[in-house]
J.: 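First the structure, then my questions, so here it is.
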Amino acid sequence: MRARDLHPLCCLPADGGSPPPPLAPPPPSVAGLLYKWTNIGKGWRPRWFAIRGDVLTYSKIPRRSSASAAAATRIIGPAQYGQDRPVGLVHLKISSFRESKSDDRRFYIITPTKTLQLRTDSANERVAWIEALVSARDESSPDGGLLSNQNDASFSTERLRNRMHEEGLGEEIIKDCEEIVHSEFSQYHTQMKQRCEEYVSFISSLPQQLEVLSADDNANMIELHSHLMKPEYSSSVQGKCSESSNTESSDDVGQQELDEILDDDDYHFYDTRQSFSDSAAISCLKMKGSNSGKDTFLYGDKFVKPKAGMGNSECLSPFFKRRTKLPDPVEKEKGVSLWSMIKDNVGRDLTRVCLPVYFNEPLSSLQKCFEDLEYSYLLDRAYECGRKGDSLMRILNVAAFAVSGYASSDGRPCKPFNPLLGETYEADYPENEIRFFSEKVSHHPMVMACHCEGNGWKFWGDSNVKSKFWGQTIQLDPVGVLTLEFDDGETFRWSKVTTTINNLIIGRVYCHHHGTMNISGNRGYSCKLIFKQQSFLERNPRQVQGFVKDVDGSKVATLMGKWDESMYCTISNDAPRVNCSASGQNTDATLLLWEKNEPSTNPTRYNLSSFAITLNELTPELKERLPPTDSRLRPDQRHVENGEYGKANAEKLRLETRQRMSRTMQDSGWKPRWFRRDGSDGTFRYVGGYWEAREQGKWDGCHDIFGEVFDGSRKQQTDHHL
């Protein structure tokens with residue numbers, strides 16, 4: 001952006017390629033070195049600031065000059081130093097200044113469009129800078145000389161008179177024309193003068209307005225704080241179940257804008273069906289309105305309330321609010337080259353490769369299993385459809401649920417923690433009417449089993465992922481069967497599709513899912529879903545297409561959509577519809593089955609969804625009831641969530657050293673505590689007793705798998721119990 005393109009009320013960076021101004025800038029009255037907050041990655045960076053009239057400019061300091069700059073005087077007269085091109089400027093006439101109450105070296109420059117956070121080396125320097133800024137703002141004329149010569153405006157009509165003489169016009173006509181021109185110019189000059197006076201008045205009042213707005217913000221924060229401290233908001237449950245976060249006091253500016261913002265292009269891809277009929281649109285609205293589970297119980301900024309008929313939860317009050325963000329990191333995370341870690345493991349199973357916590361997200365694979373239940377309202381809807389005799393809509397909702405489990409994988413660059421042998425995870429979500437439990441039941445091969453109970457249905461399965469690294473990509477092939485059983489006896493079974501993670505070495509990491517998913521039922525319908533393989537030439541990626549067949553093999557419905565957006569279905573005219581829950585709707589109408597939730601309002605580099613952010617939340621009351629094997633108690637994972645990366649790496653190394661004994665334990669006859677392998681199909685099934693033990697607080701047979709490993713006889717004794 002060229003200098004002449006800058007708006008007079010903006011504080012924007014100046015382009016290095018701007019042409020030189022017609023007049024040389026005045027020498028700076030005050031100049032010196034200040035530290036400017038850039039972003040959370042770069043932190044405080046030295047910048048050379050100079051006051052020229054009523055404009056404050058700042059420029060970057062070359063590395064060769066940093067040492068000498070640090071030793072230079074912080075506030076000097078006309079500067080012979082730091083004459084590089086400015087990267088930003090601030091018009092002081094429309095700015096206000098504010099001191100930080102938590103740090104006597106920091107202060108803020110507040111403009112209508114931006115807030116600069118600056119820091120000096122001492123409190124005295126801060127005082128000197130603020131005095132210089134206030135003086136420069138007050139001494140400069142608000143009109144910038146615009147009104148100083150307002151009465152000197154004049155012009156000549158000599159050229160007009162000569163031209164009219166050449167045309168042979170008489171003197172009387174020439175005088176009339178001159179009077180008309182003078183009258184028009186006088187009116188125009190009066191209008192411009194009024195506008196200029198209004199502009200100057202507005203510029204002069206801006207600092208006071210900024211101060212008033214700042215004071216109003218503080219008053220609003222105080223009012224909000226007092227409102228939240230009322231008895232109805234300060235209950236003991238809220239204090240115990242709310243998230244603790246380390247934030248700066250409200251007297252400081254809460255959020256600082258970044259120096260450089262990189263905006264990625266927002267590409268939109270559309271399904272093959274981009275326009276629907278009027279009846280189809282009405283059908284979509286009706287189906288969307290029936291998403292009671294989704295529309296009523298949202299995470300993030302919404303309170304969640306248990307549905308009627310659910311038992312009381314010890315940690316979940318009727319107005320409990322689950323957390324909406326992760327704790328602020330304690331340390332600054334250091335990047336690690338993935339290629340340097342896995343270049344010697346091409347073609348091997350990456351579950352055996354030890355990676356630093358930089359590549360992990362603060363969730364375990366057991367918790368990732370529960371993440372597939374984010375859209376459990378689809379199963380509630382399927383249960384209701386079947387109860388009303390609409391088996392076709394039941395399997396369509398089951399198919400949408402099978403696809404929805406992949407939605408949260410979009411943009412997740414980090415891998416979950418591999419659980420330890422015997423590690424467990426529970427999730428009690430009465431607002432969704434579900435209780436979930438999972439356990440790692442085998443170390444090699446790594447198998448995790450899960451069991452979930454909902455409103456009229458049960459869901460269980462085991463998961464074993466075989467992974468291969470092929471240089472730039474990782475291929476994950478899931479092994480295992482998922483089973484869904486409704487209370488009326490109808491069951492559905494399916495397996496997951498292949499996942500490929502791309503651009504591990506160069507480029508932006510992304511994943512895509514591809515393959516065929518067959519959902520088989522024990523009654524009249526079956527479903528086949530095809531996750532389309534992604535290619536470089538594909539203009540509409542992440543598509544899922546499928547169909548439903550009846551017992552005779554006839555296609556009665558089709559499905560289409562994207563696994564990271566939504567799923568739709570179309571029911572054919574000859575499909576049997578008995579006691580259809582969507583009666584009255586036209587056949588061949590396109591119905592919306594599922595739509596992805598809105599992203600979290602507090603994004604992190606892990607790109608967790610609002611639902612995923614709640615999975616590892618640990619409150620004091622919940623901690624008292626958890627078994628010692630629960631993933632929330634795993635120390636390295638907890639340290640990653642808190643941003644304590646040094647402690648996390650040390651704990652992960654310790655736990656992986658202990659985990660190497662798991663193979664010996666498993667060969668010595670170790671058995672999972674809560675699951676047993678079903679002899680008929682080989683799937684691990686929940687044997688029961690966990691929630692009863694939780695109610696009684698008796699965890700017999702559940703040892704502290706995250707504790708220390710002892711040497712000698714105590715070590716062997718500990719391993720024997722494990």
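Count residues from 1 along the sequence. Only a predicted model underlies this, so the values are computations on that prediction, with no experimental measurement involved.
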J.: Looking only at heavy atoms, which two atoms of Pro635 and Glu651 are closest? And how far apart?
T.: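 That would be CG-OE1, 3.4 Å.
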J.: To the nearest 0.5 Å, what is the distance between CG on Asn455 and CG on Leu379?
T.: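 Here the interatomic distance stands at 10.5 Å.
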J.: Quick one: closest heavy-atom pair of Ser364 and Pro416, and the distance?
T.: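 Shortest heavy-atom contact: C-CB, 3.8 Å.
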J.: Quick check against the 3.5 Å criterion: does Asn432 have a side-chain atom that pairs as donor or acceptor with the backbone of Ile434?
T.: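 Here the side-chain-to-backbone pair does not exist.
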J.: Apply side-chain hydrogen bond (donor to acceptor under 3.5 Å, both in side chains) to Thr499 and His513, showing your working.
T.: CA-CA 4 Å; Thr499 298; His513 311 285; 2.7 Å; yes
J.: Spell out, as yes or no, whether a donor-acceptor pair under 3.5 Å connects the side chain of Arg634 to the backbone of Glu423.
T.: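 Such a contact is absent between Arg634 side chain and Glu423 backbone.
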J.: Testing the 3.5 Å rule here: is there a donor-acceptor pair between the side chains of Asp630 and Thr424?
T.: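 Short answer, no.
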J.: For Tyr525, does the six-membered ring have the charged nitrogen or CZ of Arg394 within the cation-pi criterion, i.e. under 6.0 angstrom from the centroid and within 45° of the normal?
T.: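 So Arg394 doesn't make the cation-pi contact.
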J.: Going through the checks in order, is the side chain to side chain contact (heavy atoms under 4.5 Å, CB included) test met by Arg677 and Thr683?
T.: CA-CA 6 Å; Arg677 188 182 294 273; Thr683 302; over 6 Å; no
J.: Closer than 4.0 angstrom, basic N to acidic O: yes or no for Glu439 and Arg673?
T.: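 Not counted as a salt bridge, because no side-chain N and carboxylate O are separated by less than 4.0 Å.
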J.: Between Asp462 and Met448, is any pair of side-chain heavy atoms under 4.5 Å apart?
T.: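 The answer is no; the side chains never approach within 4.5 Å.
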J.: Do Tyr375 and Trp594 pass the ring-ring contact (aromatic ring centres under 6.0 Å, His included) test, and can you show the C-alpha distance, the side-chain angles, and the key distance before you say yes or no?
T.: CA-CA 9 Å; Tyr375 302 94; Trp594 160 77; 5.5 Å; yes
J.: Starting at OG of Ser442, measure out to CZ of Phe684 and round the result to the nearest 0.5 Å.
T.: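 Going from the OG atom of Ser442 to the CZ atom of Phe684 covers 6.5 Å.
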J.: Does a side-chain heavy-atom distance below 4.5 Å link Glu453 with His451?
T.: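 In short, these two side chains touch, coming nearer than 4.5 Å.
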J.: Verify, without hydrogens or angle tests, whether Asn649 (side chain) and Tyr645 (backbone) share a donor-acceptor contact under 3.5 angstrom.
T.: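 Answer holds: yes.
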J.: Please walk me through it: do Leu396 and Val398 pass side chain to side chain contact (heavy atoms under 4.5 Å, CB included)?
T.: CA-CA 5 Å; Leu396 288 173; Val398 171; over 6 Å; no
J.: Return the CG to CD distance between Leu608 and Glu641, rounded to the nearest 0.5 Å.
T.: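 Interatomic distance, Leu608 CG to Glu641 CD, rounded to 0.5 Å: 9.0 Å.
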J.: Working to the nearest 0.5 Å, report the span between OG of Ser495 and CG of Leu482.
T.: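 If we round to the nearest 0.5 Å, Ser495:OG and Leu482:CG are 6.5 Å apart.
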J.: Identify the heavy atoms of Lys562 and Met567 that sit nearest to each other, and give their distance.
T.: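 So the two residues come closest at N-SD, 4.1 Å.
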J.: Going through the distances and angles, do Ser609 and Ser408 end up as a side-chain hydrogen bond (donor to acceptor under 3.5 Å, both in side chains)?
T.: CA-CA 7 Å; Ser609 64; Ser408 62; 5.7 Å; no
J.: What do the steps show when you test Arg632 against Leu622 for side chain to side chain contact (heavy atoms under 4.5 Å, CB included), and what is the final call?
T.: CA-CA 10 Å; Arg632 296 179 182 89; Leu622 179 59; 3.8 Å; yes
J.: Is the backbone of Leu615 close enough, under 3.5 Å, to the side chain of Tyr425 for a donor and an acceptor to pair up by distance?
T.: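 Judged by distance alone, yes, a pair lies under 3.5 Å.
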J.: Examine Arg605 relative to Tyr358 and say whether NZ or CZ is less than 6.0 Å from the centre of the six-membered ring and inside a 45° cone about the ring axis.
T.: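 Judged by the rule (NZ or CZ under 6.0 Å from the ring centre, within 45° of its axis), Arg605 counts as positioned above Tyr358.
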J.: Salt-bridged, Lys496 to Asp372, with N to O below 4.0 Å?
T.: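 Salt bridge between Lys496 and Asp372, a charged N being under 4.0 Å from a carboxylate O: yes.
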J.: Under 4.0 Å between a Lys/Arg side-chain N and an Asp/Glu carboxylate O for Glu371 and Arg412?
T.: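 Arg412 and Glu371: salt-bridged.
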J.: If only atom types and distance count, is the side chain of Gln475 paired as donor or acceptor with the main-chain N or O of Ser467 below 3.5 Å?
T.: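 Pair absent, no side-chain N/O of Gln475 close to backbone of Ser467.
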J.: For Phe436 together with Phe459, are the ring centres under 6.0 Å from each other?
T.: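 No, they do not, as the ring centres are separated by 6.0 Å or more.
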J.: Within a strict 4.5 Å, meaning less than it, do heavy atoms of the Trp460 and Glu485 side chains meet?
T.: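 Touching, per the 4.5 Å side-chain cut-off.
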J.: Any heavy-atom pair between the side chains of Glu361 and Phe417 that's under 4.5 Å?
T.: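 No. Closest side-chain heavy atoms not under 4.5 Å.
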J.: Indicate yes or no for a side-chain donor-acceptor contact from Asn360 to the backbone of Cys414 under 3.5 Å, with no hydrogens or angles considered.
T.: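 Between the backbone of Cys414 and the side chain of Asn360 there is no qualifying donor-acceptor contact (under 3.5 Å).
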J.: Decide side-chain hydrogen bond (donor to acceptor under 3.5 Å, both in side chains) for His443 and Gln659; before the verdict, give the C-alpha distance in whole Å, the side-chain angles of both, and the deciding distance to 0.1 Å.
T.: CA-CA 9 Å; His443 184 59; Gln659 182 72 349; 2.8 Å; yes
J.: May I have the step-by-step check of salt bridge (Lys or Arg N to Asp or Glu O under 4.0 Å) for Arg322 and Glu431, ending in yes or no?
T.: CA-CA 11 Å; Arg322 298 190 185 273; Glu431 68 271 22; 2.6 Å; yes
J.: How close do Ser631 and Gln637 get, counting heavy atoms only, and between which atoms?
T.: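 Result for this residue pair: O-NE2, 3.8 Å.
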J.: Would a distance-only check, ignoring hydrogens and angles, find a side-chain to backbone donor-acceptor pair under 3.5 Å from Tyr406 to His512?
T.: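 Between the backbone of His512 and the side chain of Tyr406 there is no qualifying donor-acceptor contact (under 3.5 Å).
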J.: About how many Å separate CH2 of Trp494 and OG of Ser526, when rounded to the nearest 0.5 Å?
T.: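 One gets 14.0 Å once the value is rounded to the nearest 0.5 Å.
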J.: Going through the checks in order, is the ring-ring contact (aromatic ring centres under 6.0 Å, His included) test met by Tyr429 and Phe611?
T.: CA-CA 11 Å; Tyr429 279 57; Phe611 182 75; 5.7 Å; yes
J.: So Leu655 and Asp636, do their side chains get closer than 4.5 Å, heavy atoms only?
T.: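 A side-chain contact under 4.5 Å exists here.
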J.: Could you tell me whether a side-chain N or O of Arg323 sits under 3.5 Å from a main-chain N or O of Ile613, the two making a donor and an acceptor?
T.: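 Side chain of Arg323 to backbone of Ile613: a pair is present.
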J.: Could you go through the side chain to side chain contact (heavy atoms under 4.5 Å, CB included) check for Leu529 and Val403 one step at a time?
T.: CA-CA 9 Å; Leu529 295 172; Val403 175; 3.6 Å; yes
J.: Is any side-chain heavy atom of Tyr606 closer than 4.5 Å to a side-chain heavy atom of Pro362?
T.: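 Tyr606 reaches Pro362 side chain to side chain.
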J.: Does Asp380 form a side-chain hydrogen bond (donor to acceptor under 3.5 Å, both in side chains) with Trp457? I'd like the steps, not just the answer.
T.: CA-CA 8 Å; Asp380 297 337; Trp457 53 267; 2.8 Å; yes
J.: Minimum heavy-atom separation for Leu633 and Leu618, please, with both atom names.
T.: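 The pair with the smallest heavy-atom distance is CD2-CD2, 4.0 Å.
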J.: Could you check whether Asp410 pairs with Arg542 (Lys NZ or Arg NE/NH1/NH2 to Asp/Glu carboxylate O, under 4.0 Å)?
T.: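 Yes, this pair counts.
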J.: In terms of ring plane angle, is the pair Tyr690 and Trp674 parallel, tilted or perpendicular, where the classes change at 30° and 60°?
T.: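 Geometry flag for Trp674 against Tyr690: perpendicular rings.
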J.: Working to the nearest 0.5 Å, report the span between OG1 of Thr629 and CD1 of Ile705.
T.: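 That separation rounds to 5.5 Å.
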J.: Using a 4.5 Å cut-off on heavy atoms from C-beta on, say whether the side chain of Arg694 contacts that of Glu426.
T.: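 Glu426 reaches Arg694 side chain to side chain.
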J.: With a distance cut-off below 6.0 Å to the six-membered ring centre and an angular limit of 45° from the axis, does Lys458 pair with Phe486 as a cation-pi contact?
T.: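 Here Lys458 fails the 6.0 Å and 45° test against Phe486.
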J.: On a heavy-atom basis, which atom in Val497 and which in Gly515 lie closest, and how many Å separate them?
T.: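 Minimum heavy-atom separation between Val497 and Gly515: CG1-C, 3.9 Å.
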J.: May I ask you to decide if Leu484's main-chain N or O and Arg493's side chain share a donor-acceptor pair within less than 3.5 Å?
T.: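 No.
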J.: Could you check if a side-chain atom of Asn502 sits within less than 4.5 angstrom of a side-chain atom of Cys511, using non-hydrogen atoms only?
T.: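 Side-chain contact under 4.5 Å: no.
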J.: Kindly say whether Gly707 contributes a backbone atom to a donor-acceptor pair with the side chain of Arg658 at under 3.5 angstrom?
T.: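 Confirmed, Arg658 side chain pairs with Gly707 backbone.
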J.: With a 4.0 Å cut-off, would you call Asp700 and Lys698 a salt bridge?
T.: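 So Asp700 does not pair with Lys698 through a salt bridge.
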